[in-house]
Amino acid sequence: MKEKTSIIGKSLPLLDGFEKVTGRLKYAGDVPAMPRMHHAKVLRSPYAHAKVVSIDVSKAEALRGVSAVITHMDDITGRKKTCNSPWHDFSFNFRGPMISQEVCYVGDEVAVVSAVDEDVAKEAISLIEVEYEELPAIFDMEESIKPGAPAVRPWGPNALDPSVFSWGDIEQGFGEADYIIENRVTMGNQQHAPLDRNACIANWEGDKVALWTSTQALFWIRDAVTEFFELSPNNVRVHSTPTGGSFGLWWGNNFMFLAVAIARKAKRPVRLVLTRDEVMTTVKRREKPLIDAKIGFKKDGTMVSQSYRHLMDNGAYGNKFDPYQSVADIYTTKHGRVEFIGVATNLLPAGCMRGVGDLTLAYAMEQTIDMAAEKINMDPVEFRLKNHWQSGDICHTSQEVLFAKLLFNKEPEVELTSSGLAECISKGAEKIGWKDKWKGWGKPSSVDGTKLRGVGMGISTHISGLAFFGFNGITLKVNPDGTMVLTTGIGRMGQGGDTTQAMVAAEVMGVELEDINVVDGDTDVVGHTMVTFGSNGMHMVSRATKAAAEHAKEQLLEFAGRELEANPEDLDIKNRRVYVKGSEEIGIELKDLMSKPIYEYLSAPEVIGSASQGVEFHKAGKMMMADFAEVEIDTRTAQMKVIQFVAYHDSGTVVNPAVCENQVAGGYYQSMGLCTTENLVFDEDTGAILNPNFMDYKIMGPLDMPDPEIYFEEVYDEDGPFGAKGIGEGVTCAVPIAISSAVYNALGVRLDPPMTPAKILEALKSKAK
Amino acid sequence: MIQIYLNVNGEECPANVKPHWSLAVVLREQIGLTGTKTGCEMGTCGSCTVLVDGKPIFSCLRMAVDVQDCDIQTIEGIETDDVLHPLQQTFIDDHGMQCGFCTPGMIVAAKALLDKNSDPSEQEVREAIGGHLCRCGTYVRIVRAIMNAAEVMRSKS
Amino acid sequence: MEYYSPTDLNEAYELLKKFGDTAIPIAGSTFFMGHREELFDEVEAVINIKKLGLGYIKTEDEILKIGATTTLNEIFDHEITSSGVYKIFNETVNELNINEVRNMATIGGEVCIAGEVDMPTTLLAYDANIVIGGSEGTRVVSMADFHIGYLNNALDVTEMVVEVQIPKPPENTAGGFYKFERTAADLPIVNVAVRVSLDDDGICKDVRVVAGAATMSGVPQRSAAAEAVLLNNKINEDLIMQAAEASSDIECIDDFRTPAVVRSLWIKCSVEDALKKALSELDKGE
């Protein structure tokens, strides 16, 4: 039930807005230098696959100003564990040695140097002598999974065991279908390309290590460092600074481990800063998909059976066997099968980027759905309204199901909780003027000289967190003047998570947002919090925040009850004041309550609310969206531009509209980049990246696209705090297919991202024939 | 090493530099003003924009030793006597930021625009920040915040 | 690496002579700083040339003279280059959407780089001459002869560009500058500058069609074929389209940025648009 709220639903300014606009906010690269601090640089492999036969660092070590050099041979724990030992991250984004003796992609780490300044460190790098023995390198997924293909890396097969989900009987389903459509889809390589470069400072004091880095994965880094360096959590303190954008990039990353290892050897604090090129070419990229889709449906448009095989390029060290998607269930069919295969290649490791499988698989599904609707000449809006899921439907392919099987060998049925998808589709269609603009499949909505316009649409969904990400421990402390301190491990990547968590607390406590100070980013101080990804902040972490606030409120009302000689159940808090319900003139200001001594204790009270809870996986909502695009193709110049874009999102209650609008706009610009100019280009002979920075990896700027129109369908989610679900990742998911579909309808040819002028020109030429 | 003095935000700041060190790096590491960011160090992102004699330039492409006789203004000098510039206030109120990394560069470039043109069109605002990237995609509200600040400044004068 | 900031030309020339090819004059410093990693070991002397009084825009003896260290925005804002017969220069700068670079980059610097920049394309279309100074004296080289190849020009290692001169175009002349990029803030992928002069009967008596940024030669190049279509003819829409088609005589770079087939298409479109714009100005008697 939607409650009446005074904080939730308002576009209150960000808590760190003042710091951001005055240049005071410190990202990892801004953290002040520590005494005796040195600077690190990394020697990286020029080969896509090679054995490091020998490595001589003597000249580098002898250079004046150099404090330490480490290679794969160095002992990192004092107990004979070398840098060549593997670590793996909980999300399966990475598995591999910290410094490998067998390098597996261009840019792979070979050695690290720390020195008095970066110039000396760079010179030392140039003095390291390495003998490489080149090994066969594979750059293509299908080549990689062929039987007999050379191993991409020194462990495991090139293809991970497939994750398979199936329900019903797809052969029977396809047998019952009147029509079957098959389709194969791929895309270019997108990279997160945040504006900030990131850095990691590590410092050992005896057997304790502290690190400072920009990340959203505070506790994972703590746990991974603890495990890898064989320490106790009490010996590892991670400070996370806000990131200058992440989009899935800054979790536990290998370079953070390098900083910890070199700092230990150097016996001084060491700072490792990534260059722009290193950010784009040595950390992570979005997995490139290769998807085979097959859909069976009846003459009247009812879908009967669906089957998808989704290969994802994990690159050299990526380890994902599930792309993190929920979209495979978005069309309800009696029969279905989905297969995900993580494939290794000797290219930059790949891992999660905003939207993950709900962008890649949605693209393939939706394009195939379009082809199906075209076959029976059905309007795409109608086709989707006919077949999409409803609340209560079984989610066969959710990761909850996958992890229940993996961790417990159980096979639960997970149901969709709330859904506003139907409204998003129909209202979105209305906003773009679909009825007037839709002229039929492959038919432009208007033609003006050399310019063709077309409309298209797409839908998708995404998790609002996954229970498997962990428990959340949150505290709320009340100060003597009635202001409060909220501790949380939520990451600050620009999604306003600290502000919205504080809004939840402020709503419960009856105070203003600015009364709450958020302390985050310190593993010694805050309770374990889910890594901030998969859009779990509002829908999942906030449950603990709300509970912690309710716990604090309970204590406050108990103290107030004594003071007012009333039953705590008859009390509430509003506008920083506790009052008696029904007799509001009787009450006490929070600041008085918190500063007045109480007779029995001869002192004023202390109130600390806390909650430490997990999320029951059956109670996890999903966000949904429907996007609509009108594009214009100029057949003279082979260029495509967006005329109008409508994004309609169901994220439950919208806690802070401005924050949510910004998130949706961000997803639009990022996906527009994927659709047009963003593509990491790998040299086909060497595997090196030809466009390692913004000079040639082009992202959208302020002059490139029209503003999107953003709407929310606020379907109250019973499990989400104040009815809220998540928003952050889903914002990219339905954009590419809306654009591609619009291009098809304008042009009559299906193009996959990036839809470059070269591809458009070729399409125009092929049509002319 | 060359000893130089840079006039930053009205203050004379000493620094010891090598010729190839950029103004951006010297501001951040020696003068301690980390508000100016170095997202790319090659003039392709706009996060390092500062004003030199009132004109916006990329401080990552300018040598520190080359601006000794100039008036340099960074994001830290945009507020005056602890009062936020109207741009800083509208960026807060209108949510002209998400991660905030591009924000200093955006505000400095916008300030230069509004100092020259008190009633810019939306197109002129976009052109003034044409070389500024925002990966969080906050362009809608950045432009809105700059337009609103222009209005505030016009009504004050 | 040493830094010098001479205040008179002779001092600058002496430094260039002394350091030869290990010296680099800088004004905007965008090129040097953008490439400082690669250049670091080769450069011994960085010579700031901004204090030599080379920042000016004036007309003298029917010649537009722009000092080498004049910035793009100074050209954009100046009365002489933003109106009348020289407004093509304002129009050229207007196509660069990065204001900070416009405040830093200089005409002298762009002339020396010649590759992925805009000004040299327009300068070639307007028959510019480059004034070169050195300890041996001053000499003048035409824009066409100044560019030898990609990042390779006619300067001797002891010389520097001091001024760019543009002769006053004949009566009844108009120009146009068009550009294609991947996003609005980008290197130019293709740029085109045209200059059309008509006689009293409306016949094209002189024309330049120049493409830059996309050329295999690495420097701005005239399209002889496009110019031949227009010269001595009365220009109409058909002829413009023919000239645009004929610009395919320019061999284009084929790379991951943009393939040659698209660059050629964009040169064709730019030629068409630039000629149409120039013609419509001539029709209006501007």
Side-chain angles (χ1 to χ4, degrees), chain A residues 11 13-14 16-27 29-33 119 192-197 242-247 275-276 279 492-496 656 658-659 661-670 672-673 693-695 699-705 707-708 710 731, chain B residues 18 20 28-29 32-47 74-79 84-85 87-108 123 125-143:
Chain A
S11 294
L14 299 178
D16 54 10
F18 173 79
E19 289 170 273
K20 285 169 177 167
V21 301
T22 58
R24 284 176 166 84
L25 189 68
K26 302 235 178 294
Y27 304 86
D30 304 324
V31 172
D119 285 343
H192 312 61
L195 225 60
D196 186 12
R197 293 186 281 127
T243 76
S246 179
F247 320 110
T275 63
R276 168 51 43 191
V279 171
R492 285 201 260 165
M493 310 91 71
Q495 85 291 21
N656 188 318
V659 165
E661 276 172 39
N662 268 340
Q663 288 282 291
V664 176
Y668 160 75
Y669 285 110
Q670 281 177 357
M672 283 314 307
N693 52 54
F694 292 123
M695 184 74 76
I699 70 174
M700 299 287 99
L703 288 164
D704 290 316
M705 288 292 156
D707 294 347
I710 300 167
V731 296
Chain B
K18 293 184 186 171
H20 67 286
R28 289 170 54 77
E29 311 238 329
L33 294 173
T34 56
T36 301
K37 307 300 176 195
T38 48
C40 71
E41 300 199 290
M42 51 193 289
T44 53
C45 76
S47 64
T74 68
I75 183 69
E76 289 90 349
I78 301 293
E79 68 196 80
L84 291 181
H85 187 282
L87 275 166
Q88 291 172 306
Q89 195 58 56
T90 55
F91 265 72
I92 292 173
D93 296 336
D94 294 330
H95 283 258
M97 63 214 160
Q98 293 185 72
C99 81
F101 194 81
C102 73
T103 306
M106 292 281 186
I107 289 178
V108 170
Q123 182 65 18
V125 168
R126 285 176 189 269
E127 285 172 2
I129 56 170
H132 289 248
L133 298 176
C134 171
R135 187 49 162 168
C136 297
T138 319
Y139 301 117
V140 178
R141 283 177 172 271
I142 289 170
V143 171

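Numbers restart at 1 for each chain; the letters A, B, ... are given by sequence-line order, proteins then strands. From a predicted model like this one, the values you see are computed outputs, not experimental measurements.
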Under 3.5 Å: donor-acceptor pair, side chain of B:Tyr139, backbone of A:Met700: yes
Close side-chain approach of B:Gln123 and A:Leu703, heavy atoms under 4.5 Å: yes
B:Leu33 versus chain A, the contacting section by heavy-atom distance below 4.5 Å: neither
Contact origin within A:Phe247 toward chain B - heavy atom pairs under 4.5 Å: side chain
Heavy-atom donor-acceptor pair, B:His95 side chain to A:Ser11 backbone, under 3.5 Å: yes
Engaged part of A:Pro194 at the chain B interface, taking heavy atoms whose separation is under 4.5 Å: backbone
Winner by heavy-atom pair count (cut-off under 4.5 Å) against chain B, out of A:Met672, A:Lys26, A:His192, A:Met705: A:His192
Polar side-chain atom of A:Tyr27 near backbone of B:Gly100 as donor-acceptor pair, under 3.5 Å: yes
pair B:Lys37-A:Asp196: side-chain heavy atoms closer than 4.5 Å: no
Option that, when pairs with chain B are counted at under 4.5 Å, heavy atom only, ranks first among A:Asp16, A:Asp119, A:Asn656: A:Asp119
Segment of A:Thr22 engaging chain B (4.5 angstrom heavy-atom cut-off): both
Part of B:Thr36 within contact of chain A (heavy atom distance under 4.5 Å): neither
Check: B:Arg135 main-chain N/O paired with A:Gln670 side-chain donor or acceptor under 3.5 Å: yes
A:Gln495 portion near chain B, given a 4.5 angstrom heavy-atom threshold: neither
Main-chain N/O of A:Gly29 paired to B:Arg28 side chain as donor or acceptor, under 3.5 Å: yes
Region of B:His85 that comes under 4.5 Å of a non-hydrogen atom in chain A: neither
Which atom of B:Cys99 lies closest to which atom of A:Met493, heavy atoms considered: CB-O, 3.6 Å
Interface moiety of B:Gln88 toward chain A, non-hydrogen atoms closer than 4.5 Å: both
A:Arg197 side chain to B:Thr38 backbone, donor-acceptor under 3.5 Å: yes
